[in-house]
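Below: the structure, in structure tokens.
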Amino acid sequence: MNELRIVIPGNPPTVNHVYRNVAINRRITTADGQKWRQNVQAIAARAIATQGWKMSTEEKLVGEVMIYWPTGRKRDVENVGKLLWDALEGIVYENDRWLLPRYMDFSVDQDNPRVEIKFYRLEEADVHCL
């Protein structure tokens, strides 16, 4: 099975820190959000080059996520997703509408906070109905 593993070092920003409302029903990415997005894109591009990943197009793609926070402060793992998935669009996958994010777990690692993601294509044989 072809898979892609990406490790993004540092503490990911939350939705509250990467978007700013500028008008009714309109928001923009902050400078910090843009910087983080560019960093994620560079890390993903290096991972793709070394792991031989081919961009996913019009096929379901699973993204298993493990988050290591810098402290035990309460956080919501879902807040990491929006900017992360948008940053990887056009690099790991063509369109994030095909992405099935799975937040596997979270933990605290004060010395090495990070986000680890394992991507793989969802095969029909992998789908199990309840």
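Closest of all the heavy-atom pairs between Trp36 and Asn11 is NE1-O, 4.5 Å. Heavy-atom minimum distance, Val80 versus Trp69: CG2-CH2, 3.7 Å. Across all their heavy atoms, Ile6 and Ala47 have their closest contact at CG1-CB, 4.0 Å. Smallest separation of non-hydrogen atoms from Arg102 and Leu122: NH2-CD1, 4.3 Å. Between Pro70 and Arg75, the closest heavy-atom pair is CG-NH2, 3.9 Å.
Within the 4.5 Å cutoff, the side chain of Met66 has no heavy atoms near those of the Glu64 side chain. Looking at Arg37 and Asp86, their side chains come closer than 4.5 Å, going by heavy atoms from C-beta outward. Annotation: side chain of Ser56 is not in contact with side chain of Glu94 (no heavy-atom distance under 4.5 Å). Looking at Pro101 and Val62, their side chains never come closer than 4.5 Å, going by heavy atoms from C-beta outward. The closest side-chain heavy-atom distance from Arg5 to Glu3 is below 4.5 Å. Using a 4.5 Å heavy-atom threshold, the side chains of Tyr68 and Val115 count as separate. The shortest distance between side-chain heavy atoms of Val108 and Thr71 does not fall below 4.5 Å. The shortest distance between side-chain heavy atoms of Trp53 and Val92 falls below 4.5 Å.
Note: Arg46 CZ to Gln51 CD = 12.0 Å, rounded to the nearest 0.5 Å. In this structure, CD in Glu116 is found 10.5 Å from CD1 in Ile67, a value given to the nearest 0.5 Å. Interatomic distance, Ile91 CD1 to Gln41 CD, rounded to the nearest 0.5 Å: 4.0 Å. For the atom pair CG (Asp96) and CG (Leu88), the distance works out to 9.5 Å, reported to the nearest 0.5 Å. To the nearest 0.5 Å, atom CG of residue Asn79 and atom CG of residue Leu84 are 12.5 Å apart. To the nearest 0.5 angstrom, Leu4 atom CG is 12.5 Å from Met55 atom CE.
Atom OH of Tyr103 is surrounded by more than 12 heavy atoms from other residues, nucleotides or ligands within 6.0 Å.
Hydrophobic clustering places Ile117 together with Leu99 (ILVMFWY residues linked when any side-chain heavy atoms are closer than 4.5 Å, directly or through intermediates). If you chain together hydrophobic residues whose side chains sit under 4.5 Å apart, Trp98 and Tyr120 never meet in one group.
At distances below 3.5 Å, at least one donor-acceptor pair connects side-chain atoms of Arg114 with backbone N or O atoms of Asn112.
Using cut-offs of 30° and 60° on the angle between ring planes, the pair Phe119 and Trp85 is perpendicular.
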